[in-house]
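For reference, the structure is listed below as structure tokens.
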Amino acid sequence: MSAGKARSFAFSDEGDDPFALEHISEHHDCPPIESTYRNSGGNASCTSNKSGDQNDMRRIYVHDDDRVLIKVVHFGHPTSVGIEIDDKGETYVGCRARRAGPRAWIYFQPETVRAAIVTCGGLCPGLNDVIRQTVFSLEVYGVKEILGLQYGFRGFADKKYPPIMLSRKIVQRINMVGGSFLGVSRGCPPLDDIVDKLEWKISMFFVIGGNGSHAGASAIYEKCQARKLKMVVVGIPKTIDNDIQILDKTFGFDTAVEEAQRAINAAYIEASSAYNGVGIVKLMGRQSGYITMYATIASGQVDIVLIPEVPFLLDTQYGVLEYMKKRLEQFGICVVVIAEGAGQDLLEGVGGTDASGNPILGDVGKWFYGKVKAYFASIKFAVDVKYIDPTYMIRARACNSSDHIFCSILGQNAVHGAFAGYTNVTVGVVNTHYCFLPIPEVIRKPRMVDPNSNMYHRCVTSTGQPEFQIPTCTTEAAGGKSSSGGWSAAGGSKAVVAPHGPPERKKSLSLKLDMVASSKLDMVASSGDVKSCESSSSVNNSCKSSENNKSSDRSITSCQSDGQQMHDANCPMAQHNIAARSKCHDPMCPVTHKY
Ligand SMILES: Nc1ncnc2c1ncn2[C@@H]1O[C@H](COP(=O)(O)OP(=O)(O)OP(=O)(O)O)[C@@H](O)[C@H]1O
Ligand SMILES: O=P(O)(O)OC[C@H]1O[C@](O)(CO)[C@@H](O)[C@@H]1O
């Protein structure tokens, strides 16, 4: 199946299934043999018959007909948050992927297999864990020859770094450290040179990398097909950026978020102890803001988050700088987290591309730091600005325990997929289940944060920030200034009123799948904007009465102006410095007691 193939909404095992996998038996004569995979004490040869049924109590094999649903939510309406309708009006509702795991029947004689493993792109916590478990699993099947390519695809061409033989003994302890035991690189020799080398009887090729590496893996697969090489290509998605479609997450992402959160917390500590302290943290994320968004929520101490997917104004009355001033006036502190790829439209990029063709970005962190300093100097507002750029620290470490486990499962499943004969596939977790997915489908486009997603709404609910845009429809529900003077509420006024109206209890809410496509038109022509304007008064009411709205400015303003007092243990004052705390006059306020 090619990347451009039409996708259907309803699952079918026939040709139009976007998750149909290439299988080696479609191109080569290779009858299945009984699996040689044994886990501890398992006696696989007694447990299955040719149809894959298992006769004994021990069950170690996944049946080839097992499937994982790509979407497990029943979406009640095409405008439901999270439904992910793509630019062709398509969704993955109803689609299923093949469940990963060992099969009872395999398509390679292990003693004839020569496997090769390569790690490409940037570093990512967990690379060594994946290499290690891939080697272990190959050996469990009975493979004797396992080659490690050095320094990514360059390892095919660079005579100084020939492939190294891998074994359980060699890789036993590599998971204790970060980095890649094999080395990584960007850029690669001509694909034909790589395929020439693969003709050295390599029958299983494991590519551990991100979108670019998977594009490379798929291109190599195509070339091998053309040369009729009997080889399977299996990818293992790696990227701290978490920018791979469909998957719950990629390995290393959790660890990177953990490390990023530490940087944010350091910025918070610095800023909270300084006079009008500003903490700025720049985090990796070339085109997608996942690390920044998740670390922001994890830290809980961020006032402003800026990601590549959400444009922002800097210096106007709706811009970031004026909002920072307001935060400083109110709380004496402001923590800003900015993703590497954010605001690239505002600064001069370095231009050009790296060896892999990725754009070289301008340094938004330094640029933003300079702008903040200049702005506050220009208005003679004393600030103490600390800038932290943890860059490579978030990806150079060994992974945390959840990533150790995740990587182990991915490495093992990659080997199961190869022995099952699947090729041009990758292995990933979808809805907490492991599955094999066609590479072309997962790299159709990079995954980015959807500013209309639940997760982004959660993030800006956490920071309490407004949209840094000229409001398209102003409402008094805005998180700070009113229509005459400034910011609109985070998430936008359009998001305030549900576009799909009140629930109709008696009618079935079940979503007809063909509705999804037509709904795109509805959404474009929707009168949602108008409605949200009209109903702003009700929104405003709920806003005023929301005493527990801990993160937004309006709760403080209404508290103070209504003469109400803050009894909330999570009073926003509690999170900020002593100067700001003194603004809380409530004798019951836990902060007043504490200090
Ligand atoms: N479209 C493509 N076709 C063939 N090879 C590619 C393609 N894109 C990238 N590659 C190769 O894949 C390798 C890794 O690509 P890249 O440097 O973009 O990292 P990545 O796999 O996307 O990982 P990361 O998330 O760290 O950026 C490089 O050797 C690069 O030359
Ligand atoms: O400096 P390098 O190695 O090119 O890597 C930087 C890039 O790697 C990533 O971490 C992963 O692609 C990006 O977020 C970042 O732009």
Side-chain angles (χ1 to χ4, degrees), residues 3 118-127 130 149-158 178-180 182-195 205 207-224 233 235-245 247 249-253 255-257 259-260 282-295 307-308 338-342 344 349-350 352-365 389-397 424 426 439-440 442-449:
V118 67
T119 56
C120 314
L123 282 186
C124 180
L127 282 167
V130 177
L149 271 302
Q150 297 195 71
Y151 300 104
F153 290 140
R154 289 177 191 274
F156 280 107
D158 196 326
S180 168
L182 297 174
V184 290
S185 71
R186 299 198 188 273
C188 67
L191 289 179
D192 279 315
D193 293 3
I194 293 179
V195 178
F205 184 37
V207 179
I208 310 173
N211 277 304
S213 312
H214 276 72
S218 204
I220 289 168
Y221 156 80
E222 299 282 355
K223 291 218 171 267
C224 289
V233 180
I236 303 153
K238 162 244 67 160
T239 164
I240 57 165
D241 291 352
N242 200 31
D243 59 353
I244 303 209
Q245 286 291 328
L247 308 180
K249 64 177 176 181
T250 48
F251 78 79
F253 173 67
T255 307
V257 167
E259 199 63 26
K282 184 186 88 171
L283 295 172
M284 275 193 179
R286 195 190 287 126
Q287 60 194 343
S288 75
Y290 278 100
I291 296 174
T292 303
M293 180 170 79
Y294 275 71
I307 59 172
I338 187 162
E340 180 186 12
Q344 292 294 320
V350 176
T353 54
D354 68 14
S356 293
N358 302 303
I360 297 172
L361 303 179
D363 189 337
V364 73
D389 179 355
T391 59
Y392 298 105
M393 288 177 72
I394 69 167
R395 69 178 205 192
R397 54 167 277 192
N424 202 18
T426 195
I439 291 178
V442 300
I443 60 166
R444 277 196 318 137
K445 56 182 181 181
R447 180 184 183 200
M448 313 228 291
V449 173

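The basis for the numbers below is simple: all heavy atoms, side chains too, and nothing from hydrogens, waters or symmetry mates. Here the structure is a predicted model, which means the values were calculated and not measured. We count ligands from 1, going down the list as the structure has it; atoms in each ligand are counted the same way.
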Check ligand 2 against Y392 and write out every atom of the ligand that is under 4.0 Å from a heavy-atom position of the residue. 1 (O), 2 (P)

Suppose I only count heavy atoms of T239 and a 4.0 Å limit; which atoms of ligand 1 are within that range? 25 (O)

Shortest non-hydrogen pair, I240 vs F253, comes out as O-CD1, 3.2 Å

Once you round to the nearest 0.5 Å, how far does CG of N211 lie from OG of S356? 12.0 Å

Min over A217, A215, P237, S213 of heavy-atom distance to atom 21 (O) of ligand 1 lands on S213

Taking only heavy atoms of I240, which atoms of ligand 2 are found under 4.0 Å from at least one of them? 10 (O)

Does even one non-hydrogen atom of N211 get within less than 4.0 Å of ligand 1? yes

For atom 12 (O) of ligand 2, the closest protein heavy atom turns out to be D241 OD2, 3.3 Å

Check each heavy atom of N358 against ligand 1 and say whether those closer than 4.0 Å belong to the side chain, the backbone, both or neither. side chain

Please state which option from C120, G187, G152 has its nearest heavy atom closest to atom 29 (O) of ligand 1. G187

For atom 23 (O) of ligand 1, which of K238, Q287, M284, R154 has the closest heavy atom? K238

Near G210 (heavy-atom distance under 4.0 Å), the atoms of ligand 1 are 20 (P), 21 (O), 22 (O), 23 (O)

What residue and heavy atom of the protein are closest to atom 4 (O) of ligand 2, and at what distance? R186 NE, 2.9 Å

Can you tell me if G210 has a non-hydrogen atom under 4.0 Å from ligand 2? no

If you look at every heavy atom in K282 and P390, which pair is closest and at what distance? O-CD, 3.1 Å

Would one find an N or O of S356, backbone or side chain, under 3.5 Å from an N or O of ligand 1? yes

Atom 15 (C) of ligand 2: closest protein heavy atom, distance to 0.1 Å, is E340 OE1, 3.4 Å

Looking only at protein heavy atoms, identify the closest one to atom 4 (C) of ligand 1 and say how far it is in Å. G216 CA, 3.4 Å

Atom 10 (N) of ligand 1: nearest protein contact (heavy atom, Å): G212 O, 3.3 Å

Protein contact of atom 10 (O) of ligand 2 - nearest heavy atom, named by residue and atom, plus distance: M284 SD, 3.0 Å

How close do N242 and K249 get, heavy atom to heavy atom, and via which atoms? OD1-CA, 3.1 Å

Shortest non-hydrogen pair, M448 vs S288, comes out as CA-CB, 4.0 Å

Counting from 1 in the order shown, the ligand 1 atoms closer than 4.0 Å to a non-hydrogen atom of R286 are 27 (O)

Tell me which part of H214 gets within contact of ligand 1: side chain, backbone, both or neither, using heavy atoms under 4.0 Å. neither

Interatomic distance, T292 atom OG1 to I307 atom CD1 [nearest 0.5 angstrom]: 7.5 Å

If you look at every heavy atom in M284 and D241, which pair is closest and at what distance? C-OD1, 4.4 Å

Find out whether L127 and V184 are in side-chain contact, i.e. whether some heavy atom of one side chain is under 4.5 Å from a heavy atom of the other. yes

Just so I know, are the side chains of I194 and P189 near enough to count as touching, which here means a heavy-atom distance under 4.5 Å? yes

The protein heavy atom nearest to atom 5 (O) of ligand 2 is R395 NH1, 2.9 Å

State the CG-CD distance between L283 and E259, to the nearest 0.5 angstrom. 10.5 Å

Are any of the N/O atoms on A355, whether in the backbone or the side chain, positioned under 3.5 angstrom from an N/O atom of ligand 1? no

In this structure, CG of D389 is separated from CD1 of I338 (nearest 0.5 Å) by 11.0 Å

Has ligand 1 got any nitrogen or oxygen that is less than 3.5 angstrom from a nitrogen or oxygen of G122? yes

Can you check whether V130 reaches K238 side chain to side chain, under 4.5 Å on heavy atoms? no

L123 and S180 have their tightest heavy-atom pair at CD2-N, 3.7 Å

Closest protein heavy atom to atom 27 (O) of ligand 1, given as residue, atom name and distance to 0.1 Å: R186 NH1, 2.9 Å

Kindly assign one of parallel, tilted or perpendicular to the pair F205 and F153, based on the angle between their ring planes and the thresholds 30° and 60°. tilted

